[in-house]
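Everything on this sheet refers to the single structure shown next.
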Amino acid sequence: MKKRILRVIYLIVVLVMIASTIGACAKTSAPAGKVKIGLSFSDFATERWKPEADLLTKLLEEKGYEVMVQEANHDVKLQNDQIDNMVAQGAKGLIVIAEDGEAAATAVDKAAAAGVKVIAYDRLIKTKSISAYLSFDNVEVGRQEALGVMTALGLPGSTKWTKDNPAKVVLSGGSPTDNNAVLVRQGQMEIIQPYIDSGVIKVVADQWVDNWDAANALKMMENILTAQKNQIDAVVASNDGTALGELQALKAQGLAGKVPISGQDATAEGCNSIVKGEQTVTVYKDIRLLAPKAVEMMDALIKGQAIEGVKSYSLKLLTGQDLAGDIQAVFLPVVQVTKDNVYQEIVVSGFQTYDDVYRDIPEDQRPPKPGEAAAATEAAPAEKVKIGLSFSDFATERWKPEADLLTKLLEAKGYEVMVQEANHDVKLQNDQIDNMVAQGAKGLIVIAEDGEAASTAVDKAAAAGVKVIAYDRLIKTKSISAYLSFDNVEVGRQEALGVMTALGLPGSTTWTKDNPAKVVLSGGSPTDNNAVLVRQGQMEVIQPYIDSGVVKIVADQWVDNWDAANALKMMENILTAQKNQIDAVVASNDGTALGELQALKAQGLAGKVPISGQDATAEGCNSIVKGEQTVTVYKDIRLLAPKAVDMMDALIKGQPIEGVKSYSLKLLTGQDLDGDIQAVFLPVVQVTKDNVYDEIVKSGFQTYDDVYRDIPEGQRPPKP
């Protein structure tokens with residue numbers, strides 16, 4: 001009996017051990033559960049949110065995550081409850097589009113305390129508990145909105161608006177619960193405040209639009225127009241939806257198309273209004289970039305990896321409120337869009353469809369559809385046509401590679417190419433142009449040493465039926481067939497904005513009429529019309545500060561041939577004359593800026609005196625990451641040669657040029673020159689230490705090793 005009991009006990013123990021072993025094996029061999037990510041949306045009534053929810057879900061699932069989606073229908077409490085619920089269901093990450101950035105902090109703080117990674121998506125959540133914030137550069141959105149409206153008013157430089165007759169401007173902010181609206185307003189005021197201070201602008205109404213609602217905006221504008229007896233001159237509205245609501249009120253009073261008005265988002269309706277001549281400007285934020293970036297960021301957070309391109313910002317800076325703590329953020333770039341570039345930026349890029357943007361526009365007033373234009377230019381000419389390339393010099397680093405690329409692209413289209421280089425000799429360049437025409441060139445792409453002198457040879461070429469493109473430098477004659485460059489006025493604006501921002505303007509208490517900032521203006525080569533346009537843009541930003549007395553120009557010089565040695569010598573003389581008492585330098589390109597920095601370094605002022613440039617050269621970008629040069633302006637010159645070849649091909653074939661617009665020579669040169677020319681201006685981007693990695697290195701414009709040369713390994717970002 002006793003033995004039988006022991007045997008039973010032994011069998012039970014064995015069975016328990018076997019069961020435990022089987023259970024352990026089953027546990028270790030079972031697949032790991034999918035990590036859950038929650039998506040919390042303020043609403044799906046806003047047109048863009050449901051497609052973005054679908055895209056985020058798709059991209060996260062492709063990375064192996066399980067996705068939960070909730071939509072709060074503009075209900076703040078419901079959104080917080082939904083966030084709590086997703087955390088309770090085991091979400092390890094949350095991407096939150098907050099209805100109210102302040103109220104959402106309650107649920108986000110609890111989620112973060114539970115170890116959940118939270119990304120504030122396109123709208124800031126006002127707590128340091130978020131793991132990261134992803135949005136566009138909303139301050140720059142506001143700047144570009146205000147710049148578009150001020151430009152339409154003719155400011156700066158207009159004689160119409162004075163202290164006795166200020167422009168009456170309406171400010172229309174976005175939803176007061178959306179921190180993006182606060183940042184947009186900050187950017188708007190950076191541009192507008194100097195005009196207010198100098199008395200040429202009067203703000204006659206300043207209101208905010210709940211939920212960015214077009215109906216609310218319409219009603220508010222009707223009330224404003226009644227109060228102002230229709231006497232308003234411009235509206236700085238904060239997005240396309242509110243702008244279109246306000247346009248309804250303006251239309252009812254016959255003011256649409258007469259009163260400039262801004263927006264953002266480049267919606268189909270907004271872009272259609274722009275091509276109709278009603279809305280003036282929108283700001284293009286390519287929201288197609290947001291979801292992939294958010295997924296990449298969330299994946300990095302879940303895996304404990306670094307987020308590419310992230311930077312630390314104080315909540316106080318981002319909100320204008322006295323909030324403690326810093327957050328990590330990524331801000332994507334934005335582009336100003338007007339009637340001039342809506343086709344290229346919005347339609348050709350596929351952001352909005354051709355039919356939506358040009359709805360109700362007569363066929364003969366529309367540009368060709370992008371696909372049709374591409375198909376028309378695919379076929380090369382039946383016989384080889386000769387195209388001449390005339391370069392001012394090959395000493396300038398960029399020109400020889402561009403000559404090679406232009407040659408390659410033209411030959412690929414079946415053209416025969418002749419190349420000449422004038423070694424900075426004006427007469428030689430004209431002789432070379434004459435010679436290429438004599439050899440039978442039917443087209444010329446000219447990089448002029450002197451835009452005035454080159455007009456002699458270009459006039460003769462055009463009279464002989466030759467198509468001439470002024471490439472990146474204007475030739476001052478209406479005989480040219482087209483002019484291709486970057487938006488050089490915008491280059492100047494961005495240079496000056498970068499320097500003024502570094503000085504703390506507007507809003508600085510350091511600079512007053514009794515203690516103005518002492519600023520040096522350093523122009524480019526006086527024979528290069530681009531330098532004139534750059535200066536025009538610089539002065540659009542700086543002149544209001546001069547007028548209000550907070551900036552004093554202590555030196556204004558131009559640098560022959562954009563030569564760094566000339567710039568160095570000039571800056572040494574300026575520093576001597578000013579006894580080193582200068583506060584900023586608005587220089588016009590990286591080469592001259594780096595020359596001037598040598599003089600500043602010798603006096604211990606490098607990194608203390610803000611200085612601008614353009615071209616995003618390797619040396620300039622390296623100086624920026626070292627904290628010496630403050631800002632450069634990125635012109636992706638890789639776009640120029642392909643565009644020039646497309647333009648020349650269209651001219652030779654008698655086809656329209658995509659994106660071309662008419663400009664007066666008087667406007668482009670500031671001289672009393674007769675006639676209009678056709679031009680295409682490509683967009684530019686301001687680059688500082690904050691975005692040099694994303695804009696310059698990741699895009700491949702300059703190499704990682706060139707930009708981060710001499711930077712200690714521990715202070716470099718990871719290689720792309």
Side-chain angles (χ1 to χ4, degrees), residues 39-53 56 69-83 95-108 120-127 133-136 138-139 141-142 145 170-188 205-225 235-250 261-270 273 279 282-283 285 287 290 318-321 334:
L39 307 182
S40 173
F41 279 78
S42 60
D43 66 285
F44 285 156
T46 301
E47 181 184 354
R48 59 178 281 203
W49 291 139
K50 185 61 172 71
E52 284 187 65
L56 283 163
V69 182
Q70 293 286 346
E71 179 255 344
N73 196 27
H74 290 304
D75 187 324
V76 172
K77 183 180 181 303
L78 177 59
Q79 183 166 40
N80 277 2
D81 291 343
Q82 290 172 338
I83 290 171
I95 296 174
V96 180
I97 294 83
E99 171 63 22
D100 183 320
E102 201 145 2
T106 305
V108 167
Y121 183 95
D122 205 31
R123 294 176 179 175
L124 181 61
I125 302 168
K126 298 178 183 178
T127 171
Y133 171 38
L134 171 65
S135 190
F136 289 89
N138 289 294
V139 175
V141 168
E145 288 176 333
V170 173
L171 299 181
S172 169
S175 178
T177 62
D178 181 352
N179 195 72
N180 284 359
V182 176
L183 297 175
V184 167
R185 173 58 63 85
Q186 180 184 324
Q188 291 169 347
D206 182 356
Q207 301 198 19
W208 297 73
V209 182
D210 286 338
N211 293 327
W212 302 87
D213 186 71
N216 290 344
L218 165 60
K219 190 177 297 181
M220 283 167 49
M221 183 54 68
E222 288 173 338
N223 293 338
I224 291 167
L225 289 170
V235 181
V236 181
S238 296
N239 81 342
D240 289 356
T242 56
L244 293 170
E246 288 154 352
L247 269 167
Q248 288 186 55
L250 292 171
I261 184 168
S262 59
Q264 71 166 300
D265 294 328
T267 63
E269 289 294 327
S273 182
Q279 188 170 324
T282 188
V283 180
K285 306 180 304 184
I287 57 175
L290 274 173
L318 292 179
T319 64
Q321 299 174 4
V334 302

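Keep in mind it's a predicted model, so treat the numbers as computed, not measured.
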Over all heavy atoms of both residues, which pair between [X] and [Y] is shortest? Give the atoms and the distance, please.
| X | Y | answer |
| --- | --- | --- |
| Ala45 | His74 | CB-NE2, 4.5 Å |
| Thr177 | Glu99 | OG1-O, 3.5 Å |
| Ala237 | Ser262 | O-OG, 2.8 Å |
| Asn80 | Ala104 | OD1-CA, 3.4 Å |
| Leu78 | Ala72 | CD2-O, 3.5 Å |
| Ala103 | Val76 | CB-CG1, 3.1 Å |

Look up atom [atom1] in [X] and atom [atom2] in [Y], then write down how far apart they are to the nearest 0.5 Å.
| X | Y | atom1 | atom2 | value |
| --- | --- | --- | --- | --- |
| Gln264 | Glu145 | CD | CD | 5.5 Å |
| Leu318 | Leu124 | CG | CG | 6.0 Å |
| Glu246 | Gln207 | CD | CD | 9.5 Å |
| Leu171 | Ile224 | CG | CD1 | 9.5 Å |
| Asp240 | Thr267 | CG | OG1 | 4.0 Å |
| Leu244 | Ser273 | CG | OG | 5.5 Å |

Side chains of [X] and [Y]: does their closest heavy-atom pair fall under 4.5 Å?
| X | Y | result |
| --- | --- | --- |
| Trp49 | Glu71 | no |
| Val209 | Ser172 | yes |
| Leu290 | Arg48 | yes |
| Leu183 | Phe136 | no |
| Ser238 | Gln188 | yes |
| Trp212 | Asp265 | no |

Sequence neighbours excluded, which residues qualify as ring pair (Phe, Tyr, Trp, His ring centres under 6.0 Å) partners of Tyr133?
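Result, ring pair (Phe, Tyr, Trp, His ring centres under 6.0 Å) vs Tyr133: Phe331.
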Applying side-chain contact (heavy atoms from CB on, under 4.5 Å), name anything that partners [X], two or more places apart in sequence or on another chain.
| X | result |
| --- | --- |
| Asp210 | Pro176, Asn216 |
| Val182 | Asn179 |
| Ala249 | Leu218, Met221, Glu222, Leu225 |
| Ala266 | Cys271, Thr282, Tyr284, Ile346, Phe351 |

Counting only N and O atoms by type, is there a donor-acceptor contact under 3.5 Å from the side chain of [X] to the main-chain atoms of [Y]?
| X | Y | result |
| --- | --- | --- |
| Asn211 | Asp213 | no |
| Gln79 | Ile97 | yes |
| Asn239 | Gly174 | no |
| Arg123 | Ala98 | yes |
| Asn73 | Asp75 | no |

Just to verify, what does Gln70 make a side-chain hydrogen bond (donor to acceptor under 3.5 Å, both in side chains) with, not counting sequence neighbours?
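Partners of Gln70 under the side-chain hydrogen bond (donor to acceptor under 3.5 Å, both in side chains) test: Gln82.
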Salt bridge (Lys or Arg N to Asp or Glu O under 4.0 Å) between Arg185 and Asp206, worked out:
CA-CA 11 Å; Arg185 173 58 63 85; Asp206 182 356; 3.0 Å; yes
